[in-house]
Amino acid sequence: MSWFIRKEKGINTPTEMKREAPDGLWYQCPNCKKIMHTREHKLNAYTCVHCNYHEKIGSEAYFALLFDEGAFTELDANMTSGDPLKFVDTKSYPERVKATIAKTHLKDAVRSAYGKINELDVTVACMDFNFIGGSMGSVVGEKIARAIDHSLKTRTPFLMISRSGGARMMEAGYSLMQMAKTSAKLAQLSNEKIPYVSLLTDPTTGGVTASFAMLGDFNIAEPGALIGFAGPRVIRETIGKNLPEGFQSAEFVLEHGFLDFIVDRKDLKEKLTALFKMLQ
Ligand SMILES: [Zn+2]
């Protein structure tokens with residue numbers, strides 16, 4: 001019976017010899033908890049193959065999904081935040097920015113670029129929620145304003161992809177000024193009759209919703225995205241009433257007339273192309 005009984009004792013496989021699946025090979029959907037291959041998930045535009053949950057992705061993934069062959073030229077890639085208010089919470093604002101840059105390899109909460117989407121020249125600005133909650137400070141406002149300037153100069157449609165917790169507390173009034181600045185720039189775009197499409201993703205809230213995100217010639221959203229100004233708790237406490245089911249979801253916002261349509265991320269590139277062609 002020596003086939004089944006190990007005669008030699010003390011045979012151990014060292015840890016480095018053990019075969020294990022490499023990190024990040026599997027993706028578990030946070031919504032339906034089902035598991036799929038990360039490659040399969042990525043090929044499905046980072047949406048769940050079982051329940052279509054749209055994973056929160058950033059500018060890198062959107063640029064790769066949208067631009068032909070993933071090729072684009074970034075605008076103002078090195079702009080970083082100042083500290084006009086000498087703001088300190090649990091740490092100083094410059095320290096927080098520095099730590100976030102090191103962690104995320106991003107310079108601020110938005111990246112802007114131009115390139116081709118199905119051979120159409122488009123200027124795109126896309127927010128990154130990983131950078132201090134996608135908060136809008138002076139850099140976000142300025143980069144969006146400059147991206148719109150690029151649209152104006154080259155007469156290319158402008159696409160804004162929003163994902164934000166709202167204004168950046170550490171820049172207080174300077175953050176709020178970005179609402180007026182970006183809105184004024186969009187008015188120039190409108191005067192020149194250059195199309196602007198705003199894509200709202202999960203979540204789009206606060207000063208971002210209250211300015212550029214809702215000013216598109218078309219305001220579109222990803223399925224299930226949370227879209228609102230104040231959070232549900234604040235609203236509930238203010239009006240003293242319970243909120244209806246699905247409140248502030250993209251579907252609810254669409255039903256109440258604040259969105260033009262909801263777009264599945266897998267169809268985003270084709271839908272945008274059709275839209276830009278129609279608006280040309
Ligand atoms: Zn799922």
Side-chain angles (χ1 to χ4, degrees), residues 41-47 54-80 101 104-131 134 136 139-164 182 185-186 188-190 192-201 204 208 212-213 215-222 225 260-261 263-280:
H41 185 239
K42 188 180 169 186
L43 286 174
N44 211 33
Y46 305 94
T47 62
H54 281 49
E55 182 57 88
K56 296 177 174 70
I57 56 171
S59 57
E60 196 187 343
Y62 277 108
F63 288 171
L65 279 171
L66 291 174
F67 287 120
D68 298 347
E69 280 95 48
F72 59 88
T73 309
E74 191 165 349
L75 297 161
D76 308 301
N78 290 314
M79 199 186 289
T80 53
I101 290 173
T104 59
H105 306 294
L106 296 162
K107 294 284 163 57
D108 212 289
V110 75
R111 281 169 77 214
S112 49
Y114 63 92
K116 288 187 188 296
I117 295 180
N118 283 328
E119 297 180 1
L120 288 172
D121 286 301
V122 179
T123 309
V124 184
C126 178
M127 302 192 79
D128 280 293
F129 198 80
N130 287 348
F131 201 98
M136 172 174 58
V139 172
V140 167
E142 182 63 19
K143 282 178 86 165
I144 292 171
R146 290 188 188 194
I148 298 168
D149 277 337
H150 185 267
S151 264
L152 280 164
K153 199 175 74 192
T154 55
R155 299 199 67 82
T156 50
F158 180 55
L159 168 68
M160 180 74 227
I161 304 173
S162 298
R163 189 189 300 284
S164 174
T182 51
K185 275 286 162 201
L186 288 171
Q188 291 180 355
L189 208 58
S190 172
E192 288 297 317
K193 307 218 178 323
I194 297 168
Y196 167 41
V197 174
S198 173
L199 172 68
L200 292 85
T201 70
T204 299
V208 169
F212 56 84
L215 291 173
D217 297 314
F218 278 81
N219 297 324
I220 62 178
E222 287 188 342
D260 292 290
F261 58 86
V263 59
D264 192 298
R265 197 185 287 149
K266 295 182 282 300
D267 308 326
L268 181 62
K269 186 167 175 169
E270 298 315 314
K271 285 257 171 94
L272 284 172
T273 308
L275 205 52
F276 288 138
K277 279 188 176 161
M278 191 180 82
L279 294 169
Q280 257 179 348

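The basis for the numbers below is simple: all heavy atoms, side chains too, and nothing from hydrogens, waters or symmetry mates.
Taking OG1 of T204 as the reference point, atom CZ of F212 lies at 8.5 Å (rounded to 0.5 Å). Here T47 contributes atom OG1 and K42 contributes atom NZ; the two are 14.0 Å apart, rounded to the nearest 0.5 Å. Taken from OG1 in T201 to NZ in K56, the straight-line distance is 9.0 Å, to the nearest 0.5 Å. Of the inter-residue distances, the one linking L268 atom CG with I161 atom CD1 reads 6.5 Å to the nearest 0.5 angstrom. With rounding to the nearest 0.5 Å, the separation of CD1 in I194 from CG in L186 is 11.0 Å. Taken from CG in L65 to NZ in K266, the straight-line distance is 11.0 Å, to the nearest 0.5 Å.
Side-chain contact between T80 and D108 is absent, with no heavy atoms from C-beta onward closer than 4.5 Å. With contacts defined as side-chain heavy-atom distances shorter than 4.5 Å, the pair L66/F72 does not qualify. Contact annotation: the side chain of I148 never approaches that of Y196 to less than 4.5 Å [non-hydrogen atoms, C-beta and beyond]. For the pair V124 and Y62, the minimum side-chain heavy-atom distance is 4.5 Å or more. Side-chain contact check for F276 versus V197: some heavy-atom pair is nearer than 4.5 Å. For the pair F158/I144, a side-chain contact is recorded, criterion being any heavy-atom separation below 4.5 Å from C-beta on. Between I57 and R163 the shortest side-chain heavy-atom distance falls below 4.5 Å. Within the 4.5 Å cutoff, the side chain of L272 has no heavy atoms near those of the V122 side chain.
Considering every non-hydrogen atom in both Q280 and L120, the closest pair reads NE2-CD2, 3.5 Å. Taking all atoms of both residues into account, the shortest heavy-atom contact from C126 to S59 is SG-CA, 3.5 Å.
Remark: the backbone N or O of N130 is not paired with any side-chain donor or acceptor of D128 at under 3.5 angstrom. With H54 contributing its side chain and R265 its backbone, the two residues share a donor-acceptor pair below 3.5 Å. Between the side chain of R111 and the backbone N or O of E74 there is no donor-acceptor pair closer than 3.5 Å. Judged by distance alone, the side chain of S162 and the main-chain N or O of L200 form no donor-acceptor pair under 3.5 Å. The closest donor-acceptor contact from the side chain of D260 to the backbone of N219 lies under 3.5 Å. Judged purely by atom type and a 3.5 angstrom limit, S151 uses its side chain to pair as donor or acceptor with the backbone of T156. S198 places a side-chain N or O within 3.5 Å of a backbone atom of A213 that can act as its donor or acceptor partner.
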Apply side-chain contact (heavy atoms from CB on, under 4.5 Å) to the pair L75 and K143, showing each step before the final yes or no. CA-CA 8 Å; L75 297 161; K143 282 178 86 165; over 6 Å; no
List the steps and the verdict of side-chain contact (heavy atoms from CB on, under 4.5 Å) for M127 and M160. CA-CA 8 Å; M127 302 192 79; M160 180 74 227; 3.6 Å; yes
Are M278 and L275 close enough, and set up right, to give a side-chain contact (heavy atoms from CB on, under 4.5 Å), and what steps lead you there? CA-CA 5 Å; M278 191 180 82; L275 205 52; 3.9 Å; yes
Should Y46 and H41 be marked as a side-chain contact (heavy atoms from CB on, under 4.5 Å) after you check the CA-CA gap, both sets of side-chain angles, and the distance that decides it? CA-CA 5 Å; Y46 305 94; H41 185 239; 4.0 Å; yes
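By the ring pair (Phe, Tyr, Trp, His ring centres under 6.0 Å) test, F129 is found to be paired with no residue, residues two or more places apart in sequence or in another chain being considered.
Within 6.0 Å of CD on E60 lie no more than 12 heavy atoms contributed by other residues, nucleotides or ligands.
The salt bridge (Lys or Arg N to Asp or Glu O under 4.0 Å) contacts involving residues 268-279 comprise D68-K269, where partners must be two or more places apart or lie in separate chains.
Ring-plane geometry between H150 and Y114 is classed as parallel, the angle between the planes falling under 30 degrees on a 0 to 90 degree scale with a further cut at 60.
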